[in-house]
Amino acid sequence: MSKTTAGPAPGEALTQRQTITVMVGLMLGMFLSSLDQTIVSTSIYTIANDLDGLSLQAWATTAYLITSTVTTPLYGKLSDIFGRRPLYLAAIIIFLAGSLYAGSVHSMTELAIARGIQGMGAGGLLALALTIIGDIVPLKDRAKFQGYFMSVFGISSVLGPVVGGAFAGSESILGFDGWRWVFFINLPIGLAALAVVFLYLHLPAKHVKQRIDYWGAAAITLAIVPLLLVAEQGRSWGWTSASSFICYGLGVLGIIAFLLAERRAGDYALIPLRLFRNVTFGLSSLLNFIIGIGMFGAIAMLPMYLQLVKGLTPTEAGLMMITFTIGILTGSITAGRTISSSGTFRIFPILGTAILTTAAIVMGLSLGADTDLWVPGLIAVFFGLGLGFCMQPLTLAMQVSVPSKDMGVGTSTAAFFRSMGGAVGTAVFISMLFSLAADKIANGMKDAMQSPDYVKVLQDPAVAADPSNAKLYDFFKNGASNDSLNDTSWLHSANPVLTRPITEGFAQSIDTVMLTAAFLTGIAFLISFALPKKKLTDPKAAMKEPAAAH
């Protein structure tokens with residue numbers, strides 16, 4: 001009687017059907033990790049109110065961001081030593097444990113810890129998925145497959161706020177608070193990913209005898225944690241506060257310690273410095289960082305415009321961003337298929353950064369308080385297209401510019417620099433938005449007070465007595481400041497004539513932020529011309545050819 005197995009024995013090549021099955025499992029894992037970066041954004045207010053921890057709400061986001069970013073390079077290096085499969089399975093299990101805990105918490109402190117555990121798993125889900133595809137799929141097909149993965153990344157990043165808003169808006173689902181399903185939804189998807197990867201992914205057993213770079217791991221943690229902490233909390237602490245300066249100092253100390261540790265570790269390093277001698281690897285790392293800033297800046301600013309200026313709910317703003325996913329899907333798949341057939345990749349980062357820069361300039365010049373909704377919807381398509389042309393080709397370039405034994409490090413470094421850029425971009429742009437808005441709104445209100453029509457509405461007893469205008473009149477008393485703009489939930493239920501200077505102030509501030517983003521992506525555009533004019537070649541294929549010749 002013949003014995004059947006779910007997947008091939010270790011060392012055997014996967015059939016096309018098995019490759020696609022494994023891909024589905026890996027995509028589910030990637031979907032979870034990127035979904036959870038944004039899913040809490042629209043539900044955190046409801047969660048914090050329910051757990052009586054409004055002042056601690058930022059920590060739920062910060063904890064996930066810190067642990068997922070710190071662990072990304074660790075997973076890459078450890079998978080090069082111990083193999084991908086055990087590390088990927090461990091990442092899913094850690095992520096599921098964190099999700100189960102997050103859905104069961106009773107305080108915001110517990111939620112921050114649970115989100116930290118989730119992040120420890122998420123750090124492996126994104127980087128290792130792309131690395132495993134690099135292991136099991138030849139270069140001619142890899143670009144196409146990784147294009148699908150980048151599409152999943154883009155779609156889940158945008159779907160997060162929609163799904164989070166929908167769950168948070170439900171009082172109870174199957175006997176649990178609606179918001180708890182923001183985390184429980186991960187369980188069935190994660191278990192499906194775990195089952196598929198466990199049954200079908202059988203890579204050659206691997207245990208390279210190599211020292212583990214503990215000093216590098218400690219130094220990169222010392223560098224990243226305070227810098228991400230100040231990026232997330234700086235606006236509430238104050239960028240020149242003692243806490244912020246302590247974080248800056250520790251971050252710089254950590255970067256210096258990391259560079260010294262990596263230099264000393266040589267080949268055993270967490271991110272070997274020799275890799276940066278390769279022009280393609282070094283430039284792609286820098287471009288990933290800058291594009292990460294632009295990407296998350298755009299993902300943060302477009303929904304901000306739709307909610308603060310146009311009055312859409314978080315869920316409606318999320319649905320409007322579906323046009324962004326159309327762009328990223330088109331860009332990733334087009335780039336992937338072209339690179340698969342021709343090996344040419346340099347044109348895509350050049351085109352992508354040019355499109356991103358143009359989209360940011362158009363957004364900065366065209367979005368006002370009265371702009372039709374189709375305009376930001378169309379701009380989002382081009383943002384997505386530009387990112388699709390950049391993210392996947394740059395990841396692929398970093399993979400093939402390193403030796404096969406460093407594939408995990410090469411792929412995780414791409415994800416690491418993009419995550420760091422995203423953290424910096426989101427923090428800086430949101431902080432910039434509210435600082436600019438406070439000044440522009442104050443000036444707008446001063447100008448509005450010169451208008452007799454505006455003053456007439458302001459002094460109308462019926463308008464002043466309307467309960468929906470109560471918080472607006474409090475805002476007028478306190479004046480526009482960073483603190484008074486923290487809660488804008490009343491903005492679109494209050495009198496539209498009186499709130500006009502506020503929405504115009506936000507629109508003008510978002511325009512300035514996007515022109516700043518355009519300057520950064522413009523720098524990336526110029527850097528992309530320095531990428532070598534050579535076709536991508538598979539290092540594995542190059543190793544096999546001499547062997548075949550003997």
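Please read all numbers here as calculations on a predicted model, not as lab measurements. When a residue number appears, it is its place in the shown sequence, counting from 1. What's counted below: heavy atoms across the whole structure, side chains too, no hydrogens, waters or symmetry copies.
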Donor-acceptor under 3.5 Å ([X] side chain, [Y] main chain):
X: R180; Y: V105; answer: yes
X: S412; Y: V409; answer: yes
X: E262; Y: I271; answer: yes
X: R418; Y: F289; answer: no
X: S79; Y: G76; answer: yes
X: R84; Y: L128; answer: no
X: T411; Y: G408; answer: no
X: S68; Y: G119; answer: no

Tell me which donor-acceptor pairs under 3.5 Å the side chains of residues 217-230 have, and how far apart each pair is, sequence neighbours excluded?
unit_1, atom_1, unit_2, atom_2, d
T221, OG1, A217, O, 2.7

Nearest 0.5 Å please: distance from the [atom1] atom of [X] over to the [atom2] atom of [Y].
X: F167; Y: W181; atom1: CZ; atom2: CH2; answer: 7.5 Å
X: L89; Y: I92; atom1: CG; atom2: CD1; answer: 6.0 Å
X: Y75; Y: L78; atom1: OH; atom2: CG; answer: 9.0 Å
X: L100; Y: F184; atom1: CG; atom2: CZ; answer: 6.5 Å
X: L286; Y: I291; atom1: CG; atom2: CD1; answer: 9.0 Å
X: I189; Y: F95; atom1: CD1; atom2: CZ; answer: 9.0 Å

(request) Please examine the side chains of T344 and T338, heavy atoms only from C-beta on, and report whether any two atoms are closer than 4.5 Å. (result)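 No, their side chains stay 4.5 Å or more apart.
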(request) Taking the side chain as every heavy atom from C-beta outward, state whether L87 and F82 have any atom pair closer than 4.5 Å. (result) yes
(message) I'd like to check the side-chain hydrogen bond (donor to acceptor under 3.5 Å, both in side chains) partners of N186; sequence neighbours left out, ordered by chain and number.
(response)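 So N186 forms a side-chain hydrogen bond (donor to acceptor under 3.5 Å, both in side chains) with D36, S99.
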(request) List in chain and number order the residues that pass side-chain hydrogen bond (donor to acceptor under 3.5 Å, both in side chains) with S34, two or more places apart in sequence or in another chain; answer none if no residue qualifies. (result) S156
Closest non-hydrogen atom pair, [X] against [Y]:
X: I379; Y: M363; value: CD1-CA, 3.7 Å
X: A397; Y: S284; value: CB-OG, 4.0 Å
X: F348; Y: P393; value: CB-CG, 3.8 Å
X: A63; Y: A112; value: CB-O, 3.2 Å
X: Y88; Y: G25; value: OH-O, 4.1 Å
X: F183; Y: G103; value: CB-N, 3.8 Å

Would you say that more than 12 heavy atoms from the other residues, nucleotides or ligands in this model lie under 6.0 Å from the [atom1] of [X], or not?
X: M120; atom1: CE; answer: no
X: F276; atom1: CZ; answer: yes
X: F525; atom1: CZ; answer: yes

(message) Check D135 with R85, please: is the shortest side-chain N to carboxylate O separation under 4.0 Å?
(response) no
(request) Quick one: do F389 and T334 satisfy side-chain contact (heavy atoms from CB on, under 4.5 Å)? Show the steps, please. (result) CA-CA 8 Å; F389 279 172; T334 304; 4.2 Å; yes
(request) Let me see the working for T357 and T521 under side-chain hydrogen bond (donor to acceptor under 3.5 Å, both in side chains), right down to the final yes or no. (result) CA-CA 5 Å; T357 305; T521 52; 3.0 Å; yes
(request) Please test T413 against L275 for side-chain contact (heavy atoms from CB on, under 4.5 Å), starting from the C-alpha separation and ending with a verdict. (result) CA-CA 10 Å; T413 303; L275 299 180; 5.6 Å; no
(request) Take K77 and Y268, measure what side-chain contact (heavy atoms from CB on, under 4.5 Å) needs, and give me the verdict at the end. (result) CA-CA 9 Å; K77 185 65 178 179; Y268 301 123; 5.7 Å; no
(message) Before you tell me yes or no, could you show the steps for N278 and V402 under side-chain contact (heavy atoms from CB on, under 4.5 Å), namely the whole-Å CA-CA distance, both residues' side-chain angles and the distance that decides it to 0.1 Å?
(response) CA-CA 8 Å; N278 182 299; V402 300; over 6 Å; no
